[in-house]
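Notes to accompany the following structure.
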Amino acid sequence: MAVLDWKHQALIQALLTRGPLTEKEFHSIFTGVTGLNPGGHPERFNDYLLMINKELSFVQFDLRACRDQYTGQVYYGVTNNVSDEQSKLGTKYSAPQIAFFKGIVEAIAHDREGQGSTSNIDALNVRLENQVLSGSGSQSQDGYTQVPAAFRNFTMTQKEKTLSELVQDKWLCHAEDGKIGIGVRSILDLRSWFRIAGIPSCEVCNETGLKVKLCPNEGCTVRIHSYCLKTKFSQRGEVECPSCGTQWPYQVTKRESMEQEYEARAPSQSQPSQGSKRKRQRSGQNSGADTVGHGSQVSVVGSSTRRITRSSAHLR
């Protein structure tokens, strides 16, 4: 059994106390703790994560990485792999709040259009009684399941407050169109639930496809994340559906056009200017600090941090 040192513990503590962290934030913390840049030392970075996961597995926890369904940005977080009554005691949310959250997630996840979001009004109008499973409540004389009073008395004001808390805690998020979307914390914790619920996966990355582009062929069920489609388009120049072969139109957005223009104007990192060289020579041993958070992108951690686990307690 490997023993974690203070560096491993600091990384775990950062994720536990601050919630899911962006790749840049987590890389910056990793560099500050270890003195290593993940971009320049990817093997060391992965070794740290593998060792952490080996120890976390003894308490049924897991350090994972995922992508934000709306931006494609990578996040890291620690998740609980066990769904039992004891693990449910760790949540700050009440039973009606969890039922409310579950209703919103189900509405978004089962959207056939792949919008990955629901309107604020539709979210607030989620009916909690629909989340009462048969046999979970007390039985009336007629044999029908009775809705608990806490569910019936859950007011619109309480729903609005809960919705705000769920967004703040990253279980939900505000999508670009102003609607309510699935937060990165849910994407990390509910990966197994999405698969069990039969939510289709992205054809490219095989991860849950919530916010996706659908194949133009209405008879085809293929769906691809926007960021995965962008990667395929940039590599090939054109994209065909991997299933039916239909030409997949791709239009560069204004934001992507600005990013491409910026990258074209920016000086190449492999050929820095003379001024940059002189500046680095003057900085001497401080050059390591200048690289914090600026390493090359490290892909989502491998199979050891992406294994399928049991359904999270938060939707049970």
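Keep in mind that what you see is a predicted model, and the values were worked out from it rather than measured.
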Residues 103-116, side-chain donor-acceptor partners within the protein, below 3.5 Å, at least two apart:
| residue | atom | partner | partner atom | Å |
| --- | --- | --- | --- | --- |
| Glu106 | OE1 | Gln131 | NE2 | 3.4 |
| Asp111 | OD1 | Glu113 | N | 3.1 |
| Asp111 | OD2 | Gln115 | N | 3.0 |

For Asp5, which residues count as a side chain to side chain donor-acceptor pair (under 3.5 Å) partner, sequence neighbours excluded?
-> His8
Output all residues satisfying side chain to side chain contact (heavy atoms under 4.5 Å, CB included) with Tyr227, sequence neighbours left out; order by chain, then residue number.
-> Arg67, Gln69, His225
All side chain to side chain donor-acceptor pair (under 3.5 Å) counterparts of Gln13, not counting sequence neighbours | none
Partner set under side chain to side chain donor-acceptor pair (under 3.5 Å) for Ser201, not counting sequence neighbours = none
Taking side chain to side chain contact (heavy atoms under 4.5 Å, CB included) as the test, write out the residues that go with Ser119, two or more places apart.
-> Ile121, Asp122
The complete set of salt bridge (charged side-chain N to carboxylate O under 4.0 Å, His left out) pairs with one or both residues in residues 162-175, sequence neighbours excluded, reads Lys92-Asp169
Name all residues meeting the side chain to side chain donor-acceptor pair (under 3.5 Å) criterion together with Thr157; count only those two or more places apart in sequence or in a different chain, and write none if there are none.
-> none
Results of salt bridge (charged side-chain N to carboxylate O under 4.0 Å, His left out) for Arg127 - residues two or more places apart only | Glu129
Side chains of residues 210-219: which donor-acceptor pairs under 3.5 Å do they make with residues two or more places apart or in other chains?
| residue | atom | partner | partner atom | Å |
| --- | --- | --- | --- | --- |
| Asn217 | OD1 | Gly219 | N | 3.1 |

Those residues that, when tested against Cys173, pass side chain to side chain contact (heavy atoms under 4.5 Å, CB included) (two or more places apart) = Tyr70
How about Arg44 and Asn37: does a side-chain donor come under 3.5 Å of a side-chain acceptor?
-> no
State which residues pass ring pair (Phe, Tyr, Trp, His ring centres under 6.0 Å) with Tyr75; sequence neighbours excluded, sorted by chain then number.
-> none
